[in-house]
Each structure stands twice: as structure tokens, then as C-alpha cells.
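Worksheet: one structure, shown below.
Since the structure is predicted, the reported quantities are computational estimates derived from the model, not experimental observations.
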Amino acid sequence: SGETPVYVPFLNALLIFVCVYLVYRTIFPSLASDHDHVRAKEAALTRSEPIVFSTFTPKTLAPHNGTDQPRVLMGIRGRVYDVSAGRNFYGPGGPYSNFAGRDASRGLAKGSFEEDMLTDIDKPLDKLEDLMPEEINALNDWESHFRGKYILCGELIEN
């Protein structure tokens with residue numbers, strides 16, 4: 001007979017709920033991870049050793065890669081952030097580890113983690129003059145992300 005089983009509307013509602021939930025989680029990443037970053041940032045601010053705003057050159061920034069030095073620092077458009085709270089991302093073995101101790105501006109702007117996105121530490125800072133408008137917008141978004149999650153701890157200047 002052509003009647004729909006009683007459980008079909010329930011299954012349809014459940015599938016719709018799961019789909020809506022997955023779309024929501026894709027558009028709005030986990031709030032828990034944001035809370036973890038906030039707690040890590042607060043812990044970094046209250047630790048016993050103070051964070052002193054410093055001036056870095058590409059050569060003096062390089063050891064702060066999480067391997068040579070315990071702190072993980074990263075440069076973005078002339079600013080240096082302590083990204084130690086995001087060590088799983090920026091520290092050794094993390095997906096962004098090649099940016100640790102370096103100026104990550106070009107790679108973040110272009111959405112590339114390739115080594116050729118990094119300027120040699122013996123060369124002048126990348127002026128980023130050839131970036132396209134959408135790449136500049138991407139870099140602005142990354143900068144905003146770092147300002148909100150990590151501690152600004154220095155300035156990146158020429159060697």
C-alpha cells in the first residue's frame with residue numbers, strides 16, 4: 001500500500017537538523033576554539049615573565065620558531081605577534097610552522113604556505129608592492145585575526 005511509514009517524517013527532520021548544524025559549523029567555526037585562544041592569551045599576559053615590546057629584524061626574529069626559542073613569534077606587515085598560544089598551528093609540526101620566526105605577510109596574503117613565500121632573512125623586508133587588491137584584503141583579515149587573538153610584542157624592521 002502507498003502509505004508513508006510513521007518514522008519517515010522523523011528521519012527527514014533529523015536529517016534537516018544535521019544539515020543545518022553542519023552548515024552552521026562550517027560558516028561559524030567552533031566558539032570553543034576561540035575561548036581556548038582567549039584563555040591562552042590571558043595566561044600569556046599573566047605569566048611571571050613580562051612580555052616586553054621589542055624591535056626585531058628578520059635575523060633576530062628567526063630563532064623564535066618554537067624550536068630554537070620556546071616562544072613562537074611571527075611577523076605580519078611590520079608587526080611581531082607572540083603566537084605561542086597557537087603553538088599547535090604555528091609551532092614545530094604545525095600547519096603554519098614555516099611562518100614561525102619569520103615575516104608571514106606574503107604567504108598569508110596569497111594563502112600559500114610554500115617556502116618561496118618567505119623572504120630570505122638576509123634580504124630586505126618584503127614591501128608587498130605587487131599584491132593584488134584581494135590579496136591585500138586577505139592580509140588585512142589575517143592582521144585583524146592576529147590582533148584579536150595574539151599579543152603584539154614587537155616591531156619588525158630591516159636588518
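- Pairs passing the salt bridge (Lys or Arg N to Asp or Glu O under 4.0 Å) check and including a residue from residues 150-159, sequence neighbours excluded, read K127-E158.
- Residue pairs satisfying the salt bridge (Lys or Arg N to Asp or Glu O under 4.0 Å) criterion with at least one member in residues 4-21, sequence neighbours excluded, are absent.
- With sequence neighbours excluded, no residue forms a side-chain contact (heavy atoms from CB on, under 4.5 Å) with P9.
- Residues passing the salt bridge (charged side-chain N to carboxylate O under 4.0 Å, His left out) test with R106 are D126, D130, sequence neighbours excluded.
- Residues passing the side-chain contact (heavy atoms from CB on, under 4.5 Å) test with K123 are T119, D120, sequence neighbours excluded.
- Ring geometry, F146 versus W142: the interplanar angle falls from 30° to 60°, so the pair is classed tilted.
- Clustering of Ile, Leu, Val, Met, Phe, Trp and Tyr side chains at separations under 4.5 Å places L61 together with F56, L73, V80, L125, L156.
- Evaluation of the side-chain contact (heavy atoms from CB on, under 4.5 Å) rule for F17 yields no partner, not counting sequence neighbours.
- Residues passing the side chain to side chain donor-acceptor pair (under 3.5 Å) test with T57 are T60, N159, sequence neighbours excluded.
- For the atom pair E115 CD and R102 CZ, the distance stands at 7.0 Å (nearest 0.5 Å).
- In the hydrophobic clustering of this structure, F99 does not group with I121; members are Ile, Leu, Val, Met, Phe, Trp, Tyr whose side-chain heavy atoms approach within less than 4.5 Å, directly or through other members.
- Through direct or relayed side-chain contacts under 4.5 Å between Ile, Leu, Val, Met, Phe, Trp and Tyr, V20 connects to I16.
- Remark: R79 pairs with Y81, E143, L152 by the side-chain contact (heavy atoms from CB on, under 4.5 Å) rule, at least two apart or across chains.
- E135 is linked by a salt bridge (charged side-chain N to carboxylate O under 4.0 Å, His left out) to K110, counting only residues two or more places apart in sequence or in another chain.
- Grouped with I157 in a hydrophobic cluster is no other residue, since no side-chain heavy-atom contact under 4.5 Å to another Ile, Leu, Val, Met, Phe, Trp or Tyr is found.
- Side-chain contact between D141 and L108 is absent, with no heavy atoms from C-beta onward closer than 4.5 Å.
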